[in-house]
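What follows is one structure encoded as structure tokens, with my remarks underneath.
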There are 6 protein chains.
Amino acid sequence: MLPRNVENFIGCDSAYRTAQIVLFGAPYDSTTSYRPGARFGPAAIRHESYGIETYSPYQNTDLTDCEIFDSGDLELCFGSSESALVDIESRAAEILRDGKLPLLLGGEHLVTLGSVRAVAARYPELHIVHFDAHADLRDDYLGAQLSHACVLRRCHDILGDGRIHQFCIRSGDREEFEFAARHTDLHKFDFTGLAELTQWLCETKVPVYLTIDLDCLDPSAFPGTGTPEAGGVSFLQLLDAIRTVTRANIVGADLNELAPTLDTTGVSTATACKTLRELLLALVHNRPHV
Amino acid sequence: MLPRNVENFIGCDSAYRTAQIVLFGAPYDSTTSYRPGARFGPAAIRHESYGIETYSPYQNTDLTDCEIFDSGDLELCFGSSESALVDIESRAAEILRDGKLPLLLGGEHLVTLGSVRAVAARYPELHIVHFDAHADLRDDYLGAQLSHACVLRRCHDILGDGRIHQFCIRSGDREEFEFAARHTDLHKFDFTGLAELTQWLCETKVPVYLTIDLDCLDPSAFPGTGTPEAGGVSFLQLLDAIRTVTRANIVGADLNELAPTLDTTGVSTATACKTLRELLLALVHNRPHV
Amino acid sequence: MLPRNVENFIGCDSAYRTAQIVLFGAPYDSTTSYRPGARFGPAAIRHESYGIETYSPYQNTDLTDCEIFDSGDLELCFGSSESALVDIESRAAEILRDGKLPLLLGGEHLVTLGSVRAVAARYPELHIVHFDAHADLRDDYLGAQLSHACVLRRCHDILGDGRIHQFCIRSGDREEFEFAARHTDLHKFDFTGLAELTQWLCETKVPVYLTIDLDCLDPSAFPGTGTPEAGGVSFLQLLDAIRTVTRANIVGADLNELAPTLDTTGVSTATACKTLRELLLALVHNRPHV
Amino acid sequence: MLPRNVENFIGCDSAYRTAQIVLFGAPYDSTTSYRPGARFGPAAIRHESYGIETYSPYQNTDLTDCEIFDSGDLELCFGSSESALVDIESRAAEILRDGKLPLLLGGEHLVTLGSVRAVAARYPELHIVHFDAHADLRDDYLGAQLSHACVLRRCHDILGDGRIHQFCIRSGDREEFEFAARHTDLHKFDFTGLAELTQWLCETKVPVYLTIDLDCLDPSAFPGTGTPEAGGVSFLQLLDAIRTVTRANIVGADLNELAPTLDTTGVSTATACKTLRELLLALVHNRPHV
Amino acid sequence: MLPRNVENFIGCDSAYRTAQIVLFGAPYDSTTSYRPGARFGPAAIRHESYGIETYSPYQNTDLTDCEIFDSGDLELCFGSSESALVDIESRAAEILRDGKLPLLLGGEHLVTLGSVRAVAARYPELHIVHFDAHADLRDDYLGAQLSHACVLRRCHDILGDGRIHQFCIRSGDREEFEFAARHTDLHKFDFTGLAELTQWLCETKVPVYLTIDLDCLDPSAFPGTGTPEAGGVSFLQLLDAIRTVTRANIVGADLNELAPTLDTTGVSTATACKTLRELLLALVHNRPHV
Amino acid sequence: MLPRNVENFIGCDSAYRTAQIVLFGAPYDSTTSYRPGARFGPAAIRHESYGIETYSPYQNTDLTDCEIFDSGDLELCFGSSESALVDIESRAAEILRDGKLPLLLGGEHLVTLGSVRAVAARYPELHIVHFDAHADLRDDYLGAQLSHACVLRRCHDILGDGRIHQFCIRSGDREEFEFAARHTDLHKFDFTGLAELTQWLCETKVPVYLTIDLDCLDPSAFPGTGTPEAGGVSFLQLLDAIRTVTRANIVGADLNELAPTLDTTGVSTATACKTLRELLLALVHNRPHV
């Protein structure tokens with residue numbers, strides 16, 4: 001009697017019932033304006049994770065010691081953003097209802113909005129920490145308000161001023177930077193200010209949603225993404241930032257914008273896998289009592 | 001005083017006023033369910049056309065003898081299909097109003113619907129001749145009625161039974177083939193029946209819209225497309241079919257589904273350029289009095 | 001309560017208990033002498049199968065009407081051929097013991113030997129029908145007797161003269177063709193003779209193992225393989241051959257040598273998926289009483 | 001005492017002294033107007049030849065039975081066409097002087113001119129048989145008379161009317177086809193007429209130079225070339241044409257326009273290797289007394 | 001009445017009459033000795049510029065505030081270097097005559113010579129600032145004096161000793177470094193010394209031509225170039241150097257050696273676009289009175 | 001009389017008799033568990049070396065001043081690890097016997113074991129300095145003890161505790177790091193400690209084997225390898241480490257794990273060539289009396 005063929009992110013094969021963290025993929029990229037392909041991100045991360053180890057020599061811990069469940073990818077309708085967001089929100093809400101941390105794998109950055117809707121409904125005092133090359137603060141993009149280029153603006157519609165903390169931002173139009181100056185906490189170019197912010201987040205214990213657009217990394221480290229932007233941070237800087245910010249009260253998270261079709265060498269996918277491993281280990285390690 | 005940098009499909013640099021045929025691109029692929037990239041099709045066809053000649057040894061005519069205007073690409077909103085279709089319909093309608101033949105370059109096959117709406121509004125007795133590997137007759141795809149997989153079904157909504165003539169079809173779900181058996185004139189696998197149909201179209205002089213999904217070609221000849229489907233026709237068979245059907249009263253046409261990002265050798269783009277040249281020459285040659 | 005993430009070849013989600021056919025992958029290519037990559041074949045076929053339909057307009061049947069179970073890939077030890085073959089043989093034997101037809105997905109062609117060992121143990125009067133560009137009849141390759149280039153020779157060691165029927169062969173060294181002239185039933189270049197052979201196989205009802213090296217296809221149709229060899233058959237010829245030979249008493253089968261890393265356009269993978277669908281449908285359709 | 005690392009085309013390791021045929025490469029592509037890369041052709045053919053066999057099941061002969069010497073590639077000066085042609089002519093003349101047949105591997109098609117200069121100097125009554133998608137009969141290309149697009153025109157300057165026999169031609173500007181109608185023996189699209197021509201060449205015993213631009217092949221069979229042109233011949237048609245024309249008195253030959261950088265799957269390089277093997281075997285087989 | 005399809009580098013759509021800076025492309029790479037492809041550089045930069053913003057958060061300025069005209073690409077004759085240089089020189093001279101700054105996009109580095117000839121004719125006291133991995137100081141390369149590997153040597157022929165300032169140089173043969181020691185101001189490996197040089201250039205107000213070979217960047221940041229050379233500078237270092245040196249009296253500039261065909265991920269093209277944006281903004285910002 | 005076509009790494013064309021260093025390639029990768037391709041490494045390094053110079057501006061020396069012989073690649077049997085190791089050991093032993101330093105080019109890292117066996121047989125007091133992202137200390141990998149993932153463990157079997165010095169290690173399972181803590185001198189992440197170690201090695205004059213897995217480099221600098229691992233060192237750090245450690249008494253060395261098929265831009269191959277040049281120059285420069 002042969003078993004069915006189950007595919008997980010490496011080391012994430014706990015039972016759903018006992019899991020602390022639940023992975024789910026949102027293979028959507030219909031609003032990507034430049035180069036599509038992020039839809040293939042979550043499947044590639046899951047599939048290629050067998051090229052890395054479950055053990056981290058950075059954190060000296062192992063995924064096999066953690067309780068994580070990988071629920072696979074949602075089946076989303078291409079070309080219909082609101083419908084995709086409803087499905088994402090619904091999955092995140094179910095995971096939250098079961099007392100677990102939802103960890104969303106994109107897909108383009110718009111998918112974050114579905115998850116943030118669910119998390120903000122449960123935690124109205126939510127803050128967002130946002131690592132990205134792009135401000136994503138447009139009010140609309142060629143007429144569409146649901147666009148990857150507007151996703152943090154839509155989050156601002158929900159959360160209001162001063163609750164969005166942006167790092168590594170090095171691209172946007174002039175209006176986005178002007179909007180940020182009035183409404184968000186935007187840090188240009190790198191992680192300057194993250195340590196101070198984290199200390200405040202830890203002290204206040206406010207719930208935090210962490211959204212990582214992998215294009216915050218320099219294109220040399222992460223070419224496989226729709227809109228690569230020179231002048232970004234290194235993998236080790238991102239790893240350090242993840243280990244810092246996860247000391248706060250993270251209640252939801254996502255990792256997005258890997259576009260495997262643009263990752264001709266496979267290095268970006270391998271780096272996304274390693275980033276996810278370190279993020280998972282940091283989340284588990286820094287919240288042992290959840 | 002240096003002139004501006006104008007880019008046309010090779011040999012298509014007539015004045016708009018005198019043009020018989022007007023090219024326009026619809027760089028849209030948001031509903032592509034499998035592998036996106038067709039958005040880059042029209043720009044690639046225009047750009048790479050400088051690798052072919054304007055002269056055809058098959059038809060012994062030359063694009064430089066024709067009056068064709070290339071209006072470039074529309075700027076469409078990704079992730080918002082109805083809005084994209086409105087823009088396409090509006091451009092096609094304008095060209096028709098000026099007494100010219102609109103020749104649309106996709107993009108995914110859904111863009112055909114915008115053009116067909118405009119042409120059918122002007123020619124209510126319109127027939128469609130459809131070359132494609134896929135039937136595209138689903139009523140919806142994962143809930144979306146505006147999808148590349150539904151585009152001929154939407155055309156059927158407009159035109160009704162017996163007005164859609166499909167060739168080379170070799171993929172679809174069972175329901176699509178059952179729908180075709182009742183409502184369209186579907187020819188499986190190749191161009192069998194096209195000569196007879198053309199004779200009838202010529203005799204009745206009904207207006208005809210020609211829509212060519214380049215994946216009707218065998219993947220060996222045309223790998224650079226979102227959903228390659230083995231068992232298709234050769235380039236010479238397609239060329240022959242184009243020269244046949246253009247003897248009918250063609251009032252609008254399109255060529256779509258080149259995805260240059262999937263065309264790793266450039267052969268598909270070169271073949272799309274050659275197909276467009278032959279289509280343009282056949283259209284001009286077979287309608288000298290328009 | 002979210003379910004686990006199960007991955008099947010499209011439409012192959014029966015229960016193991018009720019399945020007539022059981023798929024299993026052997027991701028092995030350590031003896032590939034020219035260009036490796038076939039190890040990624042079975043996972044790619046499974047993953048990319050979602051780009052094709054379950055319905056065949058050629059056979060007018062649907063995978064959703066069949067009872068097929070996909071047991072995923074074996075975990076094989078690279079660089080240790082005998083150990084890999086033992087694992088393959090053991091899996092095939094288990095499937096045969098349960099009264100089902102084992103359908104192996106390679107991997108390099110050497111994997112066939114594991115399956116043939118199991119099938120020949122159960123059916124000592126076994127014949128093999130072999131579609132391939134290469135004779136694979138060397139006694140050793142650079143000293144190794146377990147090599148993809150020797151796999152049919154090893155099968156001959158088991159079955160003896162006159163039991164191996166080879167088609168489409170267009171490459172080999174002089175000694176292989178001389179060996180074939182004395183010991184196998186080799187047909188050069190195409191499927192000439194297959195109809196006659198099939199009639200004899202049907203009349204005698206001998207058990208038949210069908211091994212398909214996808215490089216029997218012309219490289220224009222199937223470039224993504226380790227040793228492409230110009231001058232092969234078309235997809236439609238292969239489809240016809242499959243539908244012919246499956247009228248015989250097939251008791252085991254395999255499909256191998258897709259190397260996705262060499263399939264830069266994805267066309268070969270899509271073609272492998274379509275070939276597998278048609279093979280499965282033909283096997284089920286032609287053996288309704290098993 | 002370790003030997004030096006010698007690289008030959010497979011099976012071509014005779015001593016220079018005893019060789020009947022001498023291979024030499026001309027890695028030049030500076031005048032390529034569309035997509036460069038043919039400079040890497042001869043090295044790729046030599047390097048990748050280890051993926052094919054020395055034995056041909058088509059001709060039932062083996063390279064190891066032949067006397068062929070591979071002299072490697074010339075070191076040519078990029079951007080300086082006349083200087084490159086002088087070096088090619090000089091090498092071809094040396095080989096001819098030693099009573100051997102020079103077989104040149106391009107490079108872009110312009111390199112043929114160097115070889116033809118040497119061969120025509122020795123055989124003033126020379127005819128050329130030319131397999132190509134393109135007529136290559138322009139008088140100049142953007143001002144340059146030494147261009148791949150002019151190479152047969154330059155040969156016509158040397159040989160005059162009626163001595164150039166062109167096959168498979170399916171691209172050129174109008175003037176080239178008009179020139180051909182007056183001055184060369186041009187056969188459009190395929191090998192129609194080659195059998196008759198060969199019979200005449202055999203009867204008259206005139207010396208013949210055979211130049212094969214591999215883009216005479218259909219792009220499905222041979223995508224890896226600078227200017228792919230749909231509608232070409234198959235590998236088996238080319239093989240048949242080679243076996244036909246080599247019955248004439250061939251005194252020099254070349255094979256050109258493989259561009260490995262455009263050959264993303266490696267299939268074109270493998271096909272070029274197989275074509276060269278068959279050409280060498282046909283040349284040796286059909287001229288046993290040289 | 002539809003307008004013609006004009007293509008500019010993003011935000012560079014001023015009228016020629018009012019423009020301060022004029023872009024022009026020189027798609028030439030015939031002397032490239034290693035890996036060609038730079039011919040496609042200028043078109044790729046123009047085309048892909050729609051993936052970046054017109055606004056720079058580094059300089060807090062916007063291309064839409066500048067007066068820049070993009071005149072497209074010259075049509076150059078491949079394989080004929082002197083003829084190409086004449087056309088480049090002529091275009092640069094025309095732009096200078098109209099009182100505007102010529103900004104040349106290569107192409108291989110040889111194109112710089114055409115532009116320098118024009119600029120030096122107008123400004124005999126010209127200095128050159130040269131960012132590059134390679135010294136480009138050979139007297140000839142395989143016999144050719146007009147070669148990318150000789151371009152700064154040819155500039156030295158015009159300008160003489162002490163007028164060429166080279167930075168980031170980390171490759172060359174021994175003779176080039178010896179020549180530099182006697183005749184140019186060569187700084188190995190990075191931008192050490194650029195601040196001091198700029199101060200002197202500013203004080204003396206000498207006219208300066210800035211030539212940037214993008215391979216001064218490390219291959220991790222800029223793989224898409226003909227001769228990548230490990231050990232280069234980062235994008236942020238190059239950005240800083242550009243902002244520094246543009247404080248001098250720049251009277252002409254170029255950016256070259258992007259080879260899009262080698263840029264498999266698109267990251268190099270995106271980085272070239274961003275570099276050009278920052279260079280344009282720095283030139284405009286630092287010379288407001290021109 | 002034309003000479004044979006000899007291929008060397010650039011500048012390494014001494015006679016065997018006078019050579020101090022002998023290069024040999026081991027094109028083997030059958031145990032690679034993730035992504036094969038390293039088999040093509042040595043040929044690519046040799047072939048592409050013509051894109052770099054023989055002169056180093058870092059060390060101000062030139063390969064043309066050195067006595068180095070390139071013996072080409074061994075012909076190894078794929079899928080048979082022990083047999084491949086025997087051939088490697090035998091070649092290394094022959095070179096050592098002739099009083100020369102063997103420099104092995106891999107291939108996967110397992111090939112090191114063949115060379116270490118020969119060197120340790122001659123120098124029983126041997127130490128190994130190991131640069132790598134991976135610890136390679138497993139006792140077996142999926143049952144195989146001869147695996148790239150076990151190669152340093154196998155070396156430990158020969159040399160025992162305290163003789164293996166590992167740098168840049170950032171991946172492994174927990175057991176490997178625990179093994180290292182007890183048995184090897186492992187330095188995580190970078191070259192910290194190398195200067196101190198080298199001083200000790202110089203003082204004690206112990207014989208040292210240097211094995212460099214190029215994946216010690218960060219994937220941004222070296223993507224073309226089977227198992228890229230984010231967070232590595234830069235090329236300049238590796239260059240510095242090589243120049244440091246070669247002051248010790250190096251008696252054998254290797255450079256491995258370039259996988260050209262994964263090096264889509266060619267940058268990794270170019271970097272491997274430059275690394276080999278610098279390694280050769282450092283070895284010659286630091287051991288003038290050998």
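In what follows, chains are A, B, ... by sequence order, proteins preceding strands, each numbered from 1.
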Of the backbone (N, CA, C, O) and the side chain (C-beta and beyond), which part of B:F40 lies under 4.5 Å from a heavy atom of chain A, both, or neither? side chain
Can you tell which part of B:L262 gets under 4.5 Å to a heavy atom of chain A, answering side chain, backbone, both or neither? neither
Counting heavy-atom pairs under 4.5 Å with chain A, which one of B:A84, B:P27, B:S33 comes out on top? B:S33
With ring centroids as reference points, do A:F179 and A:H156 lie under 6.0 angstrom apart? yes
Please list all pairs passing the ring pair (Phe, Tyr, Trp, His ring centres under 6.0 Å) test where one or both residues lie in residues 256-275 of chain A, with sequence neighbours left out. none
What pairs meet the side-chain hydrogen bond (donor to acceptor under 3.5 Å, both in side chains) rule with one or both residues in residues 88-98 of chain A, with sequence neighbours excluded? A:Y16-A:D98, A:S71-A:R91
Given the options A:T261, A:L146, A:L110, A:T32, which has more heavy-atom pairs under 4.5 Å with chain B than any of the others? A:T32
According to the interplanar angle, ranging from 0 to 90°, do the rings of A:F131 and A:F167 count as parallel (below 30°), tilted (30 to 60°) or perpendicular (above 60°)? perpendicular
